[in-house]
Amino acid sequence: MLRDDLPTTVDARRAEAQVIAEAYRTAHRGNDHAALVAAIADALDDLAASEQRMEVVQRQVSHGYVRGTAGTA
């Protein structure tokens with residue numbers, strides 16, 4: 001990433017975060033605490049799902065290396 005691109009990327013992320021925050025706030029009828037808790041819970045769920053997918057990929061790669069080298073010995 002070029003240094004010149006950084007402010008644009010940061011601004012875009014901040015704008016996206018504001019849209020998401022407002023959506024959570026609206027969904028929770030202006031209750032900021034409930035919106036924040038819901039957003040964090042969703043983020044943690046997404047993180048857990050991502051970690052599970054990464055573990056599956058790592059096992060597949062490891063299994064592939066084992067399978068690939070088993071016949072060469």
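This one's a predicted model, so the numbers in the text were calculated from it and none came from an experiment.
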Salt bridge (charged side-chain N to carboxylate O under 4.0 Å, His left out): which pairs involve residues 30-40, sequence neighbours left out? R25-D32
Residues 47-57, side-chain donor-acceptor partners within the protein, below 3.5 Å, at least two apart:
none

For residues 38-46, dump all side-chain donor-acceptor pairs below 3.5 Å to protein atoms at least two apart in sequence or in another chain.
| residue | atom | partner | partner atom | Å |
| --- | --- | --- | --- | --- |
| D42 | OD2 | Y24 | OH | 2.4 |

Residues at least two apart in sequence or cross-chain that pass side-chain hydrogen bond (donor to acceptor under 3.5 Å, both in side chains) with N31, listed by chain then number, are none
Of all pairs that satisfy salt bridge (charged side-chain N to carboxylate O under 4.0 Å, His left out), the ones with a partner from residues 15-24, not counting sequence neighbours: none
